[in-house]
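In what follows, a single structure is set out as structure tokens and then discussed.
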Amino acid sequence: MPELADTGRRIKELRVSAGMTQHDLAGAEMSSSYISLVEHGKRIPSGRALKILAERLGVGVAEISGDPVPVENTGVRRLDLVGRLVAARRQWDGGDVEGALREFRALADTEPAHRQDDVFTEAQLAIAEILGTLGRPDEGAEVLERMLTELAPEPYAEARLRTLIALADLLESAGRVQDGLRYALTGHLECTARRPGTGFHSLLALDVLTRCAYWSGCPDWAPDTDHGRPSADGVLPGPRASVDLHRALDLRDRGEPERATALLGECARRVTPAAGFPLWEKINGHYALLLLRRGEPAAARSLVERGLVVASVAQEPGFPLWLTAADAAGAEAAGDSARLFALGEELAALPDTGRSHEKAAALGEIAAACARAGDRERAIGYFRSSAELFRRAQAYRHAERARERLTELIEMRK
């Protein structure tokens, strides 16, 4: 069995050779202090932590743990490929998206004789993710679908599983929730054997499955497993929080607002903006909306004001969709119709690309607030837009609910 100090030394050598700082290696899932403890042989990384570190360093787990690894004389140094991969990621993080995309494509196009499978996989996954952020999700999906044709199904094959998760996530973010559900369910089923060390990817698969299942109108397809244990090794609870969020939304839809509020309240207390601002603002926005429904406008207002301050200070580029929806609903509760209508127009003017099902749901909240404020015409317009956006996103059951509300308002107008 390899010595702990040897494992830490190998991690440090690989990190330094790749030109990474401890902060770079830690990423969002770990802390720099945790990396330092591991490198000095004072902390034993779990199997999950080793997988994360290996992926970030562009090597196999065996190269970190000290297990024998066959060496192939391909004429291309593995370390050079890993260095190029890290450099491309830095370009991406630094804002040079097109330059990073070119470098990732060059790595993916390496001749098969010189190719390192894990570097090739990382490059392809990065290409698909970048294309998604550039508003070209269909091209990104094609990259991942080609990868799947080259990866044989197995009870647990990490590269294939990561590709399934990435493809489901990309399709959901592009507003193709039922297409995403198909791949998310496949990934979850291929994880059910629960082999040692698969817990991290199982959680990611459960997260994207829960999201796709909820928006597809099939929430029962996502199993209710024990995902709430405290995370280890400094790993942030983002995927667990996302699962809780969508389960809370399902409870709300089923007419159990108290259970939904309790679950989402615990989630909001546990998750910080460090888990990812989009997820954090979504949780807090939905929690504020539930508090408003329960007749607690002061608590809801406090959440919204804090969230908007965080968004402003952090200079988040994304529009705070759910904090804005909660802000608008709070304005209606306070009798400030002018603010409600202004925020509604701002939200409605957002592009219909990306997670169109999220915009559709937020428009539904605005429409309901307008109806309560007595402006049926605005409410009708927003419910009509909501139903159409849901339909385009393949969220047909949610579209049907929006159409039902629309019909009710039209009947009342007669």
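T324 places a side-chain N or O within donor-acceptor distance of the main-chain N or O of P320, the cut-off being under 3.5 Å. For Q394 (side chain) and D179 (main-chain N/O), a donor-acceptor pair under 3.5 Å exists by modelled atom type. No donor-acceptor pair closer than 3.5 Å links the side chain of S36 to the backbone N or O of S32. Side-chain atoms of D169 do not come within 3.5 Å of backbone N or O of I165 as any donor-acceptor pair. Judged by distance alone, the side chain of E332 and the main-chain N or O of L340 form no donor-acceptor pair under 3.5 Å. At distances below 3.5 Å, not a single donor-acceptor pair connects side-chain atoms of Q124 with backbone N or O atoms of A108. Remark: the backbone N or O of L389 is not paired with any side-chain donor or acceptor of K359 at under 3.5 angstrom. Looking at S385, its side chain never comes within 3.5 Å of a backbone N or O of Y382 through a donor-acceptor pair.
Between R269 and E266 there is a salt bridge, since a side-chain N of the basic residue sits under 4.0 Å from a carboxylate O of the acidic one. A salt bridge does not link R240 to D207: none of the charged side-chain nitrogens sits closer than 4.0 Å to a carboxylate oxygen. The pair D250-R397 fails the salt-bridge criterion, with no side-chain N (NZ, NE, NH1 or NH2) lying under 4.0 Å from an Asp/Glu carboxylate O. Of the charged side-chain nitrogens involved, none lies within less than 4.0 Å of a carboxylate oxygen, so that E142 and R136 do not count as a salt-bridged pair. Between E388 and R384 there is no salt bridge, since no side-chain N of the basic residue sits under 4.0 Å from a carboxylate O of the acidic one. At a threshold of 4.0 Å, the pair E400-R403 counts as salt-bridged, since one of the basic side-chain nitrogens sits closer than that to a carboxylate oxygen.
The nearest pair of heavy atoms linking A128 to G140 is CB-O, 3.6 Å. Smallest separation of non-hydrogen atoms from L409 and I380: CB-CG1, 3.8 Å.
Rounding to the nearest 0.5 Å places CG of L249 at 7.0 Å from CG of L264. Between the CD atom in E296 and the OG atom in S302 there is a gap of 11.5 Å [rounded to 0.5 Å]. Between the OG1 atom in T121 and the CG atom in L125 there is a gap of 6.5 Å [rounded to 0.5 Å].
Side chains of M30 and L53 form a contact here, defined as non-hydrogen atoms less than 4.5 Å apart. By the 4.5 Å heavy-atom criterion applied to side chains, W221 and H188 are not counted as neighbours. Side-chain contact check for R254 versus P219: some heavy-atom pair is nearer than 4.5 Å. The shortest side-chain heavy-atom distance between L279 and S242 falls under the 4.5 Å cut-off. For the pair L206 and P239, the minimum side-chain heavy-atom distance is 4.5 Å or more. Taking 4.5 Å as the limit, some side-chain heavy atom of L85 sits within range of a side-chain heavy atom of F104. For the pair F120 and L107, the minimum side-chain heavy-atom distance is 4.5 Å or more.
Classified by interplanar angle (parallel below 30°, tilted 30° to 60°, perpendicular above 60°), the ring pair W215/H398 is tilted.
Not a single ring-ring contact (aromatic ring centres under 6.0 Å, His included) links F319 to another residue, sequence neighbours left out.
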* Could you go through the side-chain contact (heavy atoms from CB on, under 4.5 Å) check for E358 and W322 one step at a time? => CA-CA 9 Å; E358 295 276 2; W322 286 104; 2.8 Å; yes
- [ ] Check step by step if side-chain contact (heavy atoms from CB on, under 4.5 Å) holds for R270 and D244.
- [x] CA-CA 11 Å; R270 191 173 69 239; D244 281 341; 2.7 Å; yes
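Between the side chains of H357 and E172, at least one donor-acceptor pair of N or O atoms lies under 3.5 Å.
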